[in-house]
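FYI, side chains are in, hydrogens and waters are out, and symmetry mates aren't considered; it's all heavy atoms of this structure.
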Amino acid sequence: MADWVILVDSPKDFPNADTPHKVITTRDYLARSGLFQGTRPKIVNLARSFAYQSRGYYCSLLAEARGHRIIPSTETMIDLGARQLYAQALPELDDSLAKALAAADDKTVPTRILACFGTVTDHRFDRFGRLLFDWFRCPVLEVTIETEERPQIRRLASVPVTKLTPEELKLFHEALHSHTRREWRSKRDKAAPRYSFAVLYDPNEALPPSSRTTIKHWARVAEKLGVEVEPITRRDLPRLAEFDALFIRETTSIDNHTYRFARRAVQEGMPVIDDPISMIRCTNKIYLHELMTANGIAVPPTVILGGMHDLTRAADELGFPMVLKVPDSSFSRGVKKVDSAAELGALAKEWFEDTDLLLAQAFMPTSFDWRVGVLGGKPLFVCQYLMAKKHWQIVKHGSNGKALEGGYNTMSLGEAPPAVIDVGLRAAQLIGNGLYGVDIKETADGLFVVEVNDNPNIEHGVEDAAEKDQVWIELTKWFIDRLG
């Protein structure tokens, strides 16, 4: 577990003798490359300037090269350097600002909000401050607000600690203490784990990628490797910096909190499964279809539908039955088989109300789907998922909200068909270097990749039934290797 380090241009810039953290100068940090050899400190960069090629900029740049976790990152520094670079965040931030004012009894619009690690003095804007820190992991941010027509952000800028008033400096130290607070263990305690991993899960999710029982099993395996595993929920985003790595074990989506957790982990310099890029790439079936096709990997015959006018072409090219898919869907939801032009038209009309594009694919009936689990470019597990009883998918969603799943047959890596593993590896490597589940159909015409999942199931007793605890050992080692 890493300690916190404060970087300053001069010791006078951080007048707080009571801090438990190590304080060093930016000059020392730049000059002494081996200062934290063999450790991975968490660093708060309080240099007076974050301008491009300034000393503060180089500290963050070299910290990333040395494998240290530092805020702000060079990416954040660059983003805050020009309005056009941070403009993507403004609509959400402006909306949060407006909601805060609408909910408050006091409608007075401030012209300036100062946020220290997401903490603000005006409690009307507590949620806004946290959202600001979600977007820009910077110790101190100043928000300048326009009030002529409607309140909106005119400017975002980092502020040196040396420019804070005594009252603001008090807020800063309180926020710093809150941000860096964690359970401190004696370095002499031999039983203390080297690392602490967070596992994001939803206790109320009906079909989670891993159950709480499975997470507990991984914790027992990881403990033997010097790793503490702690389940967290969506409410624990402010605590994420306490951990060394993040494993997301609830269904991911780029429009909910799972993406925000992944993005925050990357900003903190933490290894994360699933990473934001993998989420973006795997979530959309149209992207996956284009990616696989462009790289010579066989996929089911597919027609991309841009409107009702494309339905005739899909019927001519694919015939019936066919499978209609919403581009962004998971766990067999948003995927339906249609048996006629009338069914196709009715379903497409309904779904086009929420999306501009749909996928139509040839129906390829099989009794099971292959799933190749891939981690870091290597096979992790191979499983056959059987179709649900009297259904054409491995999961059948009932009208009562319950889901019926088919059986499974897990094979050892040595027993699984090499061709299936090879296709799985080639497909996963196009996405990234994380954890993926590649779904493959085997027909008389060959192997076809149906999709690549960024958030594959790993359930104790199912996906690990053949390789046993080696699955969890490899997963733990993947994170440890990236922590140096």
Side-chain angles (χ1 to χ4, degrees), residues 197-225 227-233 245-252 258 273-274 330-333 366-376 378-389 391 393-398 402-417 420-421 424 428 434-440 442 450-480:
F197 294 174
V199 181
L200 178 64
Y201 85 112
D202 179 357
N204 300 314
E205 186 171 4
L207 293 172
S210 295
S211 66
R212 181 65 186 269
T213 300
T214 294
I215 296 170
K216 289 180 179 178
H217 178 78
W218 181 39
R220 288 192 291 270
V221 175
E223 185 179 15
K224 298 175 184 177
L225 298 174
V227 173
E228 176 187 57
V229 170
E230 180 179 336
I232 62 172
T233 68
L246 172 64
F247 188 24
I248 299 177
R249 289 285 82 191
E250 61 175 289
T251 303
T252 54
T258 57
I273 295 175
D274 312 306
S330 62
F331 284 110
S332 301
R333 300 184 183 92
T366 56
S367 60
F368 66 86
D369 284 350
W370 288 104
R371 167 70 63 84
V372 179
V374 180
L375 177 64
K378 299 178 181 179
L380 186 66
F381 64 83
V382 176
C383 194
Q384 291 177 335
Y385 295 142
L386 309 182
M387 300 303 160
K389 188 176 181 180
H391 193 58
Q393 294 171 289
I394 61 176
V395 180
K396 181 180 181 180
H397 296 280
K402 295 183 178 181
L404 175 66
E405 298 183 68
Y408 65 91
N409 176 30
T410 308
M411 296 184 179
S412 69
L413 297 179
E415 295 174 334
V420 171
I421 293 178
L435 172 66
Y436 311 101
V438 184
D439 291 345
I440 302 168
E442 183 176 10
V450 178
E451 61 184 353
V452 181
N453 302 277
D454 65 289
N455 191 236
N457 284 39
I458 306 183
E459 192 65 23
H460 181 45
V462 181
E463 284 76 16
D464 67 357
E467 298 296 328
K468 306 298 181 182
D469 284 350
Q470 192 61 35
V471 168
W472 304 105
I473 291 171
E474 293 299 327
L475 180 67
T476 308
K477 287 182 176 179
W478 184 92
F479 283 109
I480 291 175

Less than 4.5 Å apart, any side-chain heavy atom of [X] and any of [Y]?
X: Ile480; Y: Val227; result: yes
X: Pro231; Y: Arg249; result: no
X: Ile215; Y: Tyr201; result: yes
X: Trp218; Y: Ile458; result: no
X: Leu207; Y: Thr251; result: no
X: Leu435; Y: Trp478; result: no
X: Pro417; Y: Trp370; result: yes

Non-neighbouring partners of [X] that pass side chain to side chain donor-acceptor pair (under 3.5 Å), sequence neighbours left out:
X: Thr410; answer: none
X: Asp202; answer: none
X: Asp464; answer: His460, Trp472
X: Tyr408; answer: none

Restricting to side-chain contact (heavy atoms from CB on, under 4.5 Å), what partner residues turn up for [X], sequence neighbours left out?
X: Thr258; value: Leu200, Ile248, Glu250, Thr252, Asn256, Met279
X: Ser412; value: Glu415, Ala466, Glu467
X: Lys468; value: none
X: Glu474; value: Leu375, Leu380, Gln470

Within this structure, what is the [atom1]-[atom2] distance for the pair [X] and [Y], rounded to the nearest 0.5 Å?
X: Leu413; Y: Lys378; atom1: CG; atom2: NZ; answer: 12.0 Å
X: Lys224; Y: Ile473; atom1: NZ; atom2: CD1; answer: 8.0 Å
X: Tyr436; Y: Ile273; atom1: OH; atom2: CD1; answer: 8.5 Å

### Task
Please determine, by modelled atom types, if Glu442 and Thr366 share a side-chain donor-acceptor pair under 3.5 angstrom.
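No, no side-chain donor-acceptor contact under 3.5 Å.
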Which pair of non-hydrogen atoms, one from [X] and one from [Y], has the smallest distance, and what is that distance?
X: Pro208; Y: Asn457; result: O-ND2, 4.1 Å
X: Pro456; Y: Asn453; result: CD-O, 3.7 Å
X: Gly461; Y: Ala465; result: O-CB, 3.6 Å
X: Gly424; Y: Val438; result: O-CG2, 3.4 Å

### Query
Backbone N or O of Asp439 within a donor-acceptor pair of the Asp369 side chain at under 3.5 Å?
no
### Task
Go through the structure and list residues passing ring-ring contact (aromatic ring centres under 6.0 Å, His included) with Phe197, not counting sequence neighbours.
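Residues passing ring-ring contact (aromatic ring centres under 6.0 Å, His included) with Phe197: Phe479.
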### Query
For Glu223, which residues count as a salt bridge (Lys or Arg N to Asp or Glu O under 4.0 Å) partner, sequence neighbours excluded?
none
